[in-house]
Amino acid sequence: MRSAIVVGGTGLVGSNLVKLLCESKEYVSVTVIARKQPTFEHPKLTVKLRSFDQIEEKDIEFAHEIYCCLGTTIKKAGSREEFEKVDVQYPLHIASLAKKCGIMHFILISAMGANEKSRVYYNRVKGKLEKELIDLELPQVSIVRPSLLVGERNEFRFGEKIGEWVLKIFNPLLIGPMKKYRSIEAAQLALAMKTIALYGDKSPVTIYNSAQLSNMKMPELPEEGLAPSEEIFNWGKFKEEELTPIDEEVVFNREKLQELQVNDETKQ
């Protein structure tokens with residue numbers, strides 16, 4: 001039975017992930033660290049409302065994994081400096097706290113084109129985050145690189161909406177090596193992240209591309225599980241049969257023991 005921390009649990013992917021984990025039989029506790037109250041409620045869910053500028057070690061309790069779903073846009077952040085604060089500084093700070101708290105697995109949402117040497121600013125920032133996260137040498141890091149995310153957002157993003165409409169038309173045409181450019185549903189990405197946490201590669205660092213994420217699902221358990229105890233051991237027959245009482249003289253021969261003691265005393 002597992003516990004998880006979701007950082008940024010009110011965004012498109014984070015909200016899907018929180019709901020999925022809370023409704024999962026594998027998790028008994030889910031903690032969300034966010035700046036605003038999630039609309040979703042559940043008995044397993046604990047919410048910590050925090051400013052990410054002020055998160056401390058005491059805010060990160062032990063969990064089996066921590067999912068980092070933080071992310072914004074330059075337009076929403078207001079400047080490149082603020083954008084990098086949300087997309088780089090906050091995740092790295094939380095990762096360092098997670099390491100101190102003994103959390104074994106850090107799962108990060110990055111971007112398909114992440115590359116610290118990219119000419120594209122957004123991809124360069126994501127690449128910088130990945131490199132510095134890996135340099136922290138956490139026990140295990142899983143980085144997911146989705147293509148364009150689609151789903152019901154709380155806010156309207158015109159550029160992403162246009163991309164969503166375009167890819168909806170071209171997705172079927174993107175085959176083979178081009179599959180990684182297909183858009184991916186936020187709910188599917190959340191499912192992929194959970195699958196990675198439970199059944200993914202256990203290497204210190206693993207990077208998953210969008211095509212891999214789109215095809216991930218929880219493994220199906222065999223229909224025939226463990227045999228019921230009634231089939232392994234016939235309790236009815238056990239109760240019906242009259243057991244023969246144990247003869248303690250057969251198990252423990254007292255006279256023989258006395259003879260051995262006498263012989264030992266004679267030898268001495």
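Counting begins at 1 with the first residue of the sequence. Values reported hereafter were calculated over all heavy atoms of this structure, with side chains retained and with hydrogens, waters and symmetry mates removed. Quick caveat, the model's predicted, so the values are computed rather than measured.
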Closest non-hydrogen atom pair between [X] and [Y], with its separation:
| X | Y | answer |
| --- | --- | --- |
| E82 | A77 | CB-O, 3.5 Å |
| F62 | C101 | CD1-O, 4.0 Å |
| M193 | C69 | CE-SG, 4.3 Å |
| A63 | S3 | CA-OG, 3.3 Å |
| G9 | A34 | N-CB, 4.5 Å |
| S147 | M112 | CB-SD, 4.0 Å |

Do the charged groups of K126 and E130 touch, with an N to O distance under 4.0 Å?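 Here K126 does not pair with E130 in a salt bridge, since their nearest N and O are not under 4.0 Å apart.
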Can F40 and C22 be said to form a side-chain contact (heavy atoms from CB on, under 4.5 Å), step by step? CA-CA 10 Å; F40 178 74; C22 285; 3.9 Å; yes
Going through the distances and angles, do Y199 and M218 end up as a side-chain contact (heavy atoms from CB on, under 4.5 Å)? CA-CA 8 Å; Y199 302 101; M218 292 287 288; 3.5 Å; yes
Kindly say whether [Y] contributes a backbone atom to a donor-acceptor pair with the side chain of [X] at under 3.5 angstrom?
| X | Y | result |
| --- | --- | --- |
| K99 | L136 | yes |
| H105 | K202 | no |
| S15 | L12 | yes |
| S203 | T206 | no |
| K194 | L17 | no |
| K44 | S24 | yes |
| N123 | V120 | no |

Going hydrophobic residue to hydrophobic residue with side-chain gaps under 4.5 angstrom, can you get from [X] over to [Y]?
| X | Y | answer |
| --- | --- | --- |
| V18 | I33 | no |
| V86 | I60 | yes |
| L45 | Y67 | yes |
| I94 | L49 | no |
| I207 | I196 | no |

Any luck finding a side-chain donor-acceptor pair between Y121 and E84 under 3.5 Å?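 Their side chains do contain a donor-acceptor pair, which is all the 3.5 Å distance test asks for.
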Hey, could you give me the [atom1]/[atom2] distance between [X] and [Y], rounded to the nearest 0.5 Å?
| X | Y | atom1 | atom2 | value |
| --- | --- | --- | --- | --- |
| F106 | I134 | CZ | CD1 | 12.0 Å |
| L148 | I184 | CG | CD1 | 10.5 Å |
| I5 | S29 | CD1 | OG | 8.5 Å |
| Q188 | L149 | CD | CG | 11.5 Å |
| I143 | N209 | CD1 | CG | 13.0 Å |
| Q89 | E132 | CD | CD | 9.5 Å |

Does the side chain of [X] reach to within under 4.5 Å of the side chain of [Y], using non-hydrogen atoms?
| X | Y | result |
| --- | --- | --- |
| L108 | V144 | no |
| L97 | E56 | no |
| I55 | Y90 | no |
| N115 | R124 | no |
| T46 | V30 | no |
| V47 | P38 | yes |

[X] and side-chain contact (heavy atoms from CB on, under 4.5 Å): which single residue from [options] fits?
| X | options | value |
| --- | --- | --- |
| E65 | Q140, M104, R2 | R2 |
| P91 | I109, L133, L70 | L70 |
| Y208 | L213, T195, I107 | L213 |

Where do F83 and T72 land on the side-chain contact (heavy atoms from CB on, under 4.5 Å) test, with the steps shown first? CA-CA 7 Å; F83 169 70; T72 187; 3.8 Å; yes
Face-on cation placement of R35 at F52 ring, 6.0 Å and 45° thresholds: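 That pair does not qualify as a cation-pi contact.
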Would the number of heavy atoms belonging to other residues, nucleotides or ligands and lying under 6.0 Å from NZ of K48 be above 12?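 Yes, the 6.0 Å shell around NZ holds more than 12 heavy atoms from other groups.
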Tell me whether E26 at atom CD has more than 12 heavy atoms from other residues, nucleotides or ligands lying less than 6.0 Å away.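 For E26, atom CD is crowded (more than 12 foreign heavy atoms under 6.0 Å).
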The test is side-chain contact (heavy atoms from CB on, under 4.5 Å); show your working for N16 and L191 and say whether it passes. CA-CA 9 Å; N16 277 276; L191 176 60; over 6 Å; no
